[in-house]
Amino acid sequence: SLARTSSQPGKTQTSEDGDGTVPGRFLHVENSGDRVQRNGVQTGRIYEKFKGKPSGKGQVEVMEKTYDLAIAGGGPAGMAAAVQAREEGVERIILLERNSRLGGILPQCIHDGFGLEEFGRTMTGPEYALEWIKRVEEAGIEYHTDTAVFDAAAVSRRETPQERSSETAPAGYRLKISSPSCGVESVFCRALVLASGCRERTRGQLRIPGGRPAGVYTAGAVQYMMNVQNYLPGRSAVVLGSGDIGLIMARRMKWEGIDVKMVLGERASGLLRNYIQCIKDWDIPIRFSHTVVQIHGRKRITGVTIAPVAKDGSPDLEGSQYIRCDLLVVAAGLIPETELWKKIYFSEGKVPCEIKSEDEISTQRSGVFVCGNVVRQYDTADEVSASGRRAGRSAARYLEKQLKDDMKVGVSWGLSVYQTIFRFTPVVRANIDVVQLMGGTAWDDSYMYGVQLILSFADKVGGSAKMLHSPLTVKTRQVH
């Protein structure tokens, strides 16, 4: 319904059949292209896509690459994790972002209040994103935009002939990614950071009765339309949700001339500063313990029915009221993007479970870390960045503890050593020597004795077994 646009300021846009059912206008026609200038920072397509090398058949040839650390999500948490990991000494890092630019949702957040904790000054969302992008580029971190991670699997063995013949085949996680320039690729990583953030809860998930007219949007969609696309989505609005994004968008719409009828919410759940600056200062009506119980309209929304919410959470229809509007903005909470986490379990034939993280960084999966809003909802972007830094630091320490090329590993014997090797995830490294620390000739319970244990461990790491056939102990600094 938004296909036909106007080339004149303030002119009403119409749908393709010309019935005038889509009220709205461009905010600033001179800035209505792909690049939008806000406070000296572009919020449109400002970063180039990663381009592959075309092959002779007109397709893109992409080589499989191996990384120490892969980060899914290029928002403030993902960028902070990448920068911190590089500062901790991790070399091979790849940062993957499905949007056309790094920053996550920050480029569409043109209000200020960002950066007070991280940079010591207040800045807008695009400015805050740009500061982190500079840090990523200065650190020489490889990042791909327009790249979606659509699958993740745990790699516990060498599967293909190429991997079986390779001395550097990784054990960790395999990601399937896709981009317009390179198509579908596989990326291997020894550690994985999930910084995929959240998605908004929609009207359908709230099960609000009514038809499916145009004019019902999530708060993030309205924010993108206004701040990036320069489109005014309606003339009179009702906001469902009293969290920070609902309060901020109520002020933003009022600023651009939209008649904000009221903000509805169960309780005051946003920051106090947003309540004062967005509601009180702009004199926007707000009703707590109220919700939308009906959406009216066929082609375009014409109004909503609201009702108070009883103590048991059910709406009190006797106190319902009809509010005329042509725009309903749903700001009813966020849902963590945990699909990649679930796919790791699916790859092993297991039923996915929820992310369990005592420190909000590490998980019950070895080598998988989480940060940002994928694990909990933070109040500010600075807190999200701090979470990313902790995840990057934890991933770096995890990688430090793993086997590296040219190491000598000593193996003793016994039930505990056997259990450790039995559960050890195979990982092939170059020039690994597995040295038997204690020799012996006994063969009872041989599965837990030195000879069998070092043969088993050497096979799992692709190393050479150095056995001792007599009962003696080795003590040397050259054996780790």
With a cut-off of 3.5 Å and sequence neighbours excluded, list every side-chain donor-acceptor pair involving residues 392-399.
| from | atom 1 | to | atom 2 | distance (Å) |
| --- | --- | --- | --- | --- |
| S394 | OG | R390 | O | 3.0 |
| Y398 | OH | S366 | OG | 3.4 |
| Y398 | OH | Q402 | NE2 | 2.7 |

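Annotation: the span from L232 atom CG to M253 atom CE amounts to 9.5 Å, rounded to 0.5 Å. One distance of note links NZ of K343 with CG of D151; it measures 5.0 Å at 0.5 Å rounding. Between T147 atom OG1 and L175 atom CG the span is 12.0 Å, to the nearest 0.5 Å. With rounding to the nearest 0.5 Å, the separation of NZ in K408 from CG in N431 is 9.0 Å. In this structure, CD1 in I245 is found 9.0 Å from OG1 in T218, a value given to the nearest 0.5 Å. Atom CG of residue L192 and atom CZ of residue F369 lie 9.5 Å apart, to the nearest 0.5 angstrom.
Using a 4.0 Å cut-off between a side-chain N of Lys or Arg and a carboxylate O of Asp or Glu, R86 and E138 do not qualify as a salt bridge. Salt bridge absent: E131 and R135 never bring a charged side-chain N and a carboxylate O closer than 4.0 Å.
Taking the side chain as every heavy atom from C-beta outward, M79 and Y143 never approach each other to under 4.5 Å. For the pair P233 and I258, the minimum side-chain heavy-atom distance is below 4.5 Å. A 4.5 Å side-chain heavy-atom check between F119 and E127 finds every atom pair outside the cut-off.
Each of V222, L327, V263 was evaluated against V239; a single residue qualifies, V263, per the side-chain contact (heavy atoms from CB on, under 4.5 Å) test.
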> Stepwise, does the side-chain contact (heavy atoms from CB on, under 4.5 Å) test hold for E266 with T291?
Replying inline: CA-CA 7 Å; E266 293 184 5; T291 188; over 6 Å; no
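For Y345, the ring-ring contact (aromatic ring centres under 6.0 Å, His included) criterion is met by W341, not counting sequence neighbours.
In the displayed structure, R98 atom CZ is contacted under 6.0 Å by at most 12 heavy atoms of other residues, nucleotides or ligands.
The salt bridge (charged side-chain N to carboxylate O under 4.0 Å, His left out) pairs that include a residue from residues 68-77 are D68-R92, D68-R190, where partners are two or more places apart or lie in different chains.
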